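Below, each value reflects all heavy atoms present in this structure, side chains not excepted, and no hydrogens, waters or symmetry copies. The structure displayed is predicted, hence computed values, not measured ones. Reminder, nothing fancy here: chain letters follow the sequence lines and each chain counts from 1.
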Amino acid sequence: MPAPFRIYNTLSRTIEDFAPVKDGHVGIYVCGMTVYDHIHVGHARAMVVFDAFVRYLRHREWDVTFVRNFTDVDDKIIKRANEVGKDPVALAGEFIGHFHDDVGALGLANPDHEPKVSETIDGIQAMIGNLVNSGHAYEQDGTVWYSVESFPEYGKLSGQKVEELRSPDEVPGKRAPADFALWKAVKPGEPAWDSPWGPGRPGWHIECSAMSLGDIGETLDIHGGGLDLVFPHHENEIAQSEAANGKKYVNYWMHNGLLTMTSGQKMGKSLGNVINVRDALSQFPAESLRLYYLQSHYRSPLPWGPEALPEALAMLGRLYEARENAEAMGGSEPVEQVISGLGEDAKKVFELGQGFTSRMYGALDSDFSTAQALGYLFELARAVNRLANHKKAKKRGGPVVAPALAAFASVAETLGLMAMSSADFMAEVKEKRLAAMGVSHDAVEQLLTDRRQARADKDWGRADEIRNQLDEMNIVVMDRADGSDWKVRLVAAN
RNA sequence: GGCGGCAUGGCCAAGUGGUAAGGCAGAGGACUGCAAAUCCUUUAUCCCCGGUUCGAAUCCGGGUGCCGCCUCCA
């Protein structure tokens with residue numbers, strides 16, 4: 001039996017108990033990308049949030065149908081294609097490839113369906129035809145408009161009143177300012193498909209109505225997307241689908257908050273302040289991005305600044321450190337014996353480890369509070385590290401730390417954090433941070449070799465000199481009983 | 001102008017009725033040849049003013065500030 005959960009519904013502006021259309025099943029549709037450029041870290045937040053959400057639902061034994069579309073027919077694509085002299089649909093195809101590269105690098109699972117507008121023309125035309133026949137839409141000079149006044153509930157999602165909207169555009173053939181295009185008559189230089197209303201292409205909003213109908217059905221359990229899509233996009237989808245199908249379109253509207261710059265502005269292409277995912281990933285491991293997104297609630301605005309990723313990486317390093325400490329512990333005594341031998345800290349880590357899963361479920365079942373779940377995770381990590389400070393922990397701590405290791409594994413499965421081996425993680429950190437700072441691996445190794453010799457000679461002056469030199473390169477040297485290791489400093493000193 | 005949201009310690013951020021999780025940064029201590037990592041200690045009357053309540057960061061009213069949407073946008 002799938003576990004019940006609660007989720008905020010934009011439609012009601014409250015957190016509601018989730019009730020599925022079909023027992024045990026969640027049909028979720030998320031608005032994907034208009035593919036005419038690389039994705040930026042703002043887009044990636046939505047992708048990561050919904051990826052983690054779907055992973056979690058599956059972990060909790062829901063049968064999930066996850067659909068995320070591509071808009072590959074669109075004004076902006078056409079404009080870009082004309083600029084570079086390519087076919088628009090082909091250009092979109094290229095960026096779909098880049099998209100897959102980027103989200104793959106972010107560790108996202110593929111949705112069950114990734115429909116494209118260019119492959120859904122029939123479904124779109126069928127729905128438009130339906131709307132025309134039922135009087136919800138009208139054709140004018142080869143363009144089909146949706147008549148907003150034909151749908152009395154228009155505005156129920158966004159709270160907008162049609163009369164109050166700004167309406168700057170005066171378009172010939174359009175009866176009311178709020179009406180929007182379902183089908184656009186062909187213009188020179190644009191891709192077009194034949195239709196009962198003449199050659200043309202779909203308007204923006206209709207695609208999601210048609211694609212979700214095709215891949216999930218008339219009523220979606222959950223429809224997701226960025227908060228900026230509430231109006232007009234999602235409002236228009238409701239109007240189209242409910243008018244065409246006569247059924248409630250979406251039971252739960254789930255909107256993620258937007259990235260904001262530390263200046264307060266949102267990150268957006270039109271503002272020219274975007275950071276591409278591929279650039280961020282060239283400098284930081286994917287999981288540091290995931291952690292950055294998941295450390296705050298998905299509906300909150302999330303500030304982006306130069307410290308965001310270094311800080312997330314420092315946090316992540318802490319988690320990996322804790323797991324390494326736990327993994328290093330051995331022993332096979334009964335838990336009670338270990339606790340009586342090692343004391344309170346052993347008891348604490350055992351209890352926190354055992355209780356972690358239900359605490360995490362509690363947080364995630366309550367409007368997917370990944371931030372709270374991560375708080376619990378860090379508490380557990382600290383308890384592990386505290387125990388690790390005990391002299392006997394390495395030899396005997398294994399049994400009491402076993403639940404913590406299981407907890408870390410469940411975090412990897414549901415949130416996609418700590419999903420790598422520590423060795424791979426450290427290697428990725430070194431590679432990316434060195435590259436970002438323009439320091440070569442060989443140079444570091446050479447200095448380290450020199451310093452090892454100095455230390456062997458007990459030439460502490462020389463050893464410190466080299467340490468300082470490395471320090472200036474943001475390389476931190478760690479001396480251990482079994483030799484020296486090094487790592488890249490994660491956060492620059494303030 | 002209309003609609004919606006947010007305001008918690010130096011910074012980020014959970015928490016929606018019973019006296020404030022977590023992270024980053026800072027300070028002190030343990031540890032270390034020196035460091036790093038780690039651990040311990042340490043910093044909040046939760047924007048302001050009223051109200052409801054035995055009790056509010058948490059509910060209600062008013063105010064101030066910030067943000068998003070109303071044109072493409074995750």
message: Ring centroids only, cut at 6.0 angstrom: are A:H441 and A:W486 within range, meaning strictly under it?
response: yes
task: List the protein contact pattern of nucleotides 27-33 of chain B with one symbol per nucleotide (5' to 3'): B for base contact, S for sugar-phosphate-only contact, - for none; contact means a heavy-atom distance under 4.0 Å.
output: ------B
task: For A:F368, enumerate each residue passing the ring-ring contact (aromatic ring centres under 6.0 Å, His included) test, keeping only those at least two apart in sequence or located in another chain.
output: A:F53
Close N/O contacts between protein and nucleotides 11-14 of chain B (under 3.5 Å):
residue : atom : partner : partner atom : Å
B:A14   : OP1  : A:H297  : N            : 2.8
B:A14   : OP1  : A:S300  : OG           : 3.3

- request: Kindly say whether the aromatic ring centers of A:H100 and A:F70 come within a distance under 6.0 Å.
  value: yes
query: Between B:A37 and A:R318, is there an OP1 or OP2 to side-chain N/O distance shorter than 4.0 Å?
result: no
- line: Sorted by chain and residue number, the side chain to side chain donor-acceptor pair (under 3.5 Å) partners of A:D72 (sequence neighbours excluded) come out as A:S118
Salt bridge (Lys or Arg N to Asp or Glu O under 4.0 Å) involving A:R299 - partner list, sequence neighbours excluded: A:D367
field: B:G9 and B:G5, which share atom name C1', separated by this distance in whole Å
entry: 24 Å
List the atom pairs, with distances to 0.1 Å, where a side-chain N or O of residues 414-429 of chain A and a protein N or O form a donor-acceptor pair under 3.5 Å, not counting sequence neighbours.
residue : atom : partner : partner atom : Å
A:T414  : OG1  : A:S410  : O            : 2.9
A:S421  : OG   : A:D424  : N            : 3.0
A:S421  : OG   : A:D424  : OD2          : 3.3
A:E428  : OE2  : A:K432  : NZ           : 2.6

Show each protein N/O and nucleotides 16-18 of chain B N/O combination with a separation under 3.5 Å, one pair to a line.
none

message: The criterion is side chain to side chain donor-acceptor pair (under 3.5 Å); which residues satisfy it with A:N256, sequence neighbours excluded?
response: none
field: Residues forming a salt bridge (Lys or Arg N to Asp or Glu O under 4.0 Å) with A:D464, sequence neighbours excluded
entry: none
Close approaches to RNA chain B from residues 346-361 of chain A, in residue order (heavy atom, under 4.0 Å): none
field: Contact list for RNA chain B against residues 4-16 of chain A - heavy-atom distance below 4.0 Å
entry: A:R13
message: List the residues meeting ring-ring contact (aromatic ring centres under 6.0 Å, His included) with A:Y298, not counting sequence neighbours, and say none if there are none.
response: none
